[in-house]
Every structure is written in structure tokens, then in C-alpha cells.
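Below: the structure, in C-alpha cells.
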2 protein chains.
Amino acid sequence: MHSIFRDSSIPRNVQLADLFRQRIARGIWPLGHKLPSLEELVREFDVARVTVRQAMNRLAREGLVSPQQGRGTMVTGGAATDRWLNVQTTLDDLHKVYLDTKPELTNLGESVAMPQLTAIDGTPAPEYRLLRRLHQRDGVPYCVISIYLDNRIFNRAPQRFRNEIVISVLRTMRSVKVARARQTLTINAADVEVASHLQIPVNSPTAEVRRVFNDPAGTIIYLAEVTYRGDFIRLEMNLRV
Amino acid sequence: MHSIFRDSSIPRNVQLADLFRQRIARGIWPLGHKLPSLEELVREFDVARVTVRQAMNRLAREGLVSPQQGRGTMVTGGAATDRWLNVQTTLDDLHKVYLDTKPELTNLGESVAMPQLTAIDGTPAPEYRLLRRLHQRDGVPYCVISIYLDNRIFNRAPQRFRNEIVISVLRTMRSVKVARARQTLTINAADVEVASHLQIPVNSPTAEVRRVFNDPAGTIIYLAEVTYRGDFIRLEMNLRV
DNA sequence: TAGTGGTCTAGACCACTAG
DNA sequence: TAGTGGTCTAGACCACTAG
């Protein structure tokens, strides 16, 4: 076996991560599939286990793979585009913001509906429960949200999902595993309906957040479309040097 | 020496990171100061070096500390707020977006001026060069930017700074070390001047980005205020599970 | 040249998953 | 129970910084 590490000035874990990224991009490790185990990769590349893990950690931070203790590591994403800035955070941090904000919920309607999906979102569930609601803080409305929740999951605790923060409820259900979570933020202007709910003028700036959770099999179990008042959004970005 | 690790169900590197975070929050390790070396921390807590590094990596990702090979690890930040979502990316990624976007630059003016600063931004440089410019892509203007650059740095390559992407020039200067970089994104509406530059209607949605770079001593060497057309902004956020 | 962070090895034990 | 990821140890060598 000859070593694949040609450039000793680049750390092995970075070279490994690059190589793994290539395998994912080229479909050698297709989306949704299980990667070889750490042990196998250790043997294939003749490096220490820790080095493989460092490489995997990189890919996990990029959202390409999702390691799961006891199960294996799944491919959960494709290549990132360079046109937009890709940023990282954690589901925990997102949840903390919800806890800290302590929103008051107003229901705007409930139905069964299918969301608009694209191929990269994942595999659709058979049926979704659509929950529309308004979030307020100290009586001031700051976002309207449409949540599409896999109806099989909704039916396990309908009352809780209707009255609590959906992400909080999902986190307490041990049978629900979120393997991948991501969201996209864009900037928009309020239409008449949104403006009326948020009590802002039509055409005021808003932020649109589209959030998707997949389970380990790639099924889209949660999809939310959130429209925030623009002045409620503030993103602190730490740029690692 | 008795072990400080009481809860064996929480990984030691996480407990260590929590403890370090406390020391920073309480001012035992004040902002701008150098932390004990990894060796010293290994002895103090009687853990493996790798474990201390894992903990430091966490804090570095949060922007609290900035490890510098050969120099030591500096405290570069305070506690994060829970009200806003904190996200992470890298200076490299930000730079890649600039390279990929290949902006055409139009100068809107140059002067010597002081930016509006707050205490947490860092220590001001004695004097700043203010460069105002418009970025276009394929002839379409998409942002106006005001760059305050430490005049001592500007004077090393005035022509390059005037005609190239400032971040690119900074990266090529080996004598310039960026120890900390961060930016804040908020949402706004275009005023008359911005609307005219960006060729959009007054009150159209915009994104405001305020970006600050500090050198290892905490001096603010670069501060940029960027106003983007709202429809040009799209943030992909990966939420680690 | 001494001090410091960055990476890597080889091996160990644990926690979790799924049959 | 076998397979898999998560964490940790003890020690080594390297790259970079600053006097």
C-alpha cells in the first residue's frame, strides 16, 4: 500500500477530508448511504483513528455527513456552492434562541398539505400536518410561521405540537432522530397578509427562513417557512481565522 | 490534586471548555490576555494534551479565544448573547465568496475618518483611511461599502488597496495578522443615497453587514460597513445536530 | 534557542444501536 | 452480542514566534 499523502505541508486530516469530499461529490459515496466504518478507513489509509475522526468532524461541520453512534456515518449532503456564504450553527443554539425569546403562540390555522419541495430537500413523508401560527414577544408579533410536520410524528402528540414550540417537542421525543438540519435565510418585503399579521407597513423589509430537518433515512420530517419582521433579525457571525 | 471532573457522563473536554468559559466570563482570564500554555493546563487539570486542545477548539469556534502557533492563546471575546443566533464561518469562506463573485469596483471617495466604535469592537488605531466604493457584478450594482482601514497598513500599499478587494490584499501581507474577525448582519430599508447607488427603489429591503478585524493586540485594523441589495443576500445555515 | 500551538500515532475503554 | 462512533491517554515530532 502506498500512501496517498503527497503534500506533507498539508495536514493529513485535511487531505483526508478533501478526499472524502471528492468521493461524495463524485457519487462514490452517494447521498443517504452509509460510509465505511472508522476502522475500515483507518485500515484503508493507514492512519490513526483520531485522524480519520478529525476529517469526519470537518465534513460533519460542513453538513456533508452525519455520524451516529452505534449506527454508522451517513452521507447527508452534497457540495456547497461558493456563491453564497455558508455558515454553521447548532440545533442547540437555535433552540436556545427560542427558549430565550419565550414566544407567545397564536394559531392561524391547521390543515393537511404538502410543502413545495426540491430534490435536495430529501424524501417527502407521505403526508404533512400544516400548522400556521404567529409568534409574539411581550405582545409584539415578530414572525409568522408555517410548519409542515410529518403527520405520523404529529399524531403521536397532537396537543403538544399545537400548543408548544415544535422544535422543543421534537427534541423531547426519543423516537425521533434528526440526522440533518439546515436553513436558508433570504430578504424580502412584506406582502399584505404578512404585513397585517406582523402589524408593519406593506413592503417593509422581512427575513424569510426556510428550515428543513431530515431523519437518518433522509425523510423530510419537518419543514418550516418563517417570515420575520426585518428589525427583529440580527445575525452575529464569528469568522474563524 | 483532586479531579475537577465530577460528572463522568459529560465529556472532559466539554467540562474543561465550560470551566475556561467561566474564567473568561469572570475576568480571571481578561480580554486581550494570554492564557496559560497547553502544557500548563495539562498539568493543572491532569488531562491529556489532546483533551485541552479539544476544549480550546470549542472556545475558538465560539470566538472567545484565538490560539496562535508559537505565540500562545489570547482571549479575544466575551460571552455571547442568547437573544440572537450566533453562527460560525471562516475568513476563508468569506474570501471565496468575494473571489467567486468577482466584483467590479467603483470608487465613491476616499478620506481620513474615524468609524463609530463601541468598547467591544477593540482598541482603535490612531487613524483610519476611509474607502467608499460600489461593487457590481456583470454591470449590476449589489452593494455599497465603507471600509475603514488602519492608515499604517493602508500606507504600505495604497494603490493596491484602492484598486483591489481589501480583504484579498490583507491576506497577501505577511506582516498583517488577523487574530479575530466577526460580522453582524441586520436588515434595513434603502435610504435615498443607497437606493440611488444600488439602482433600487427607496425603502427596498437591504442587508447591513458590519465587519470588524482585530490584530493579536486587539487593535481594530479593518472595519467595514456594507449595504447589500436585499435580493442579493442568501445565507445557507447548516445546523449541527 | 526556548516556548508554544498543531498534528499524529497506537491503543484503550465506553455508549449506543440493532439484530 | 457484534459493530460502530465518542472520548481519552501518553508520548512524539513539527512549525512558528520572539528574544
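When reading the values below, keep in mind they use all heavy atoms of this one structure, side chains included, and skip hydrogens, waters and symmetry mates. In what follows, every chain begins at residue 1, and chains take the letters A, B, ... in the order their sequences are listed.
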Please tell me which of the listed nucleotides, C:dT9, D:dC8, C:dG5, lies nearest to the side chain of A:T51?
C:dT9
Side chain of A:P67, heavy atoms from C-beta onward: which of D:dT7, D:dG11, D:dG5 has the nearest atom to it?
D:dG5
State plainly whether the residues B:E110 and B:R129 are in salt-bridge range, i.e. N to O under 4.0 Å.
yes
Can you find a heavy atom in the side chain of A:L35 that is under 4.5 Å from one in the side chain of A:M56?
yes
Taking the six-membered ring for Trp, are B:F213 and B:Y222 parallel (under 30°), tilted (30 to 60°) or perpendicular (over 60°)?
parallel
Looking at D:dC16, C:dT7, D:dA10, which one has an atom nearest to any side-chain atom of B:Q69?
D:dC16
With a 3.5 Å limit on both atom pairs, tell me what C:dC8 is paired to, counting Watson-Crick and G-U wobble, or say none.
D:dG11
Of the options C:dG5, D:dT9, C:dT7, whose atoms approach the side-chain atoms of B:V50 most closely?
D:dT9
Once you round it to whole Å, what is the distance between P of C:dT4 and CG of B:L41?
11 Å
Is a salt bridge present between B:R152 and B:E127, judged by a nitrogen-to-oxygen distance below 4.0 Å?
no
Rounded distance (Å) that lies between atom P of D:dG5 and atom CZ of A:F20:
11 Å
Can you check the B:F5 CZ to D:dT7 P distance for me, whole Å?
14 Å
Toward the 5' end of DNA chain C, which comes first, A:R174 or A:I10, by nearest nucleotide?
A:I10
Just the rounded figure in Å: distance from P of D:dC14 to CG of B:L38.
19 Å
Taking only Lys NZ, Arg NE, NH1 and NH2, and the carboxylate oxygens of Asp or Glu, determine whether B:D92 and B:R171 approach each other closer than 4.0 Å.
yes
For the side chain of B:R49, counting heavy atoms from C-beta on, which of C:dT9, D:dT7, C:dT7 is nearest?
C:dT7
Under-4.0 Å side-chain N/O to phosphate OP1/OP2 contact, B:R12 with D:dT9:
yes
Rounded interatomic separation in angstrom, taking CG from A:L35 and P from D:dG3
19 Å
Proximity to the side chain of A:E40 - top-ranked nucleotide from D:dT4, C:dC8, D:dA12
D:dT4
State which of D:dT4, D:dT17, D:dT7 makes the closest approach to the side chain of B:K177.
D:dT17
Tell me which nucleotide, if any, is Watson-Crick or G-U wobble paired with C:dG19 when both distances must be under 3.5 Å.
none
Short side-chain N/O contact from A:S37 to OP1 or OP2 of D:dG3, under 4.0 Å:
no
OP1 or OP2 of D:dG5 under 4.0 Å from side-chain N/O of A:R71:
no
Figure out the CE/C1' separation between B:M74 and C:dG3, and round it to whole Å.
12 Å
Taking CD from A:Q15 and C1' from C:dT7, how many angstroms apart are they, rounded to a whole number?
12 Å
To the side chain of B:Q54, which of D:dC8, D:dG5, D:dT9 is closest?
D:dC8
Which heavy-atom pair separates A:L130 from A:A113 by the least distance, and what is that distance?
CD2-CB, 4.0 Å
Would you kindly give the CD-to-C1' distance between A:Q68 and C:dA15, to the nearest whole Å?
14 Å
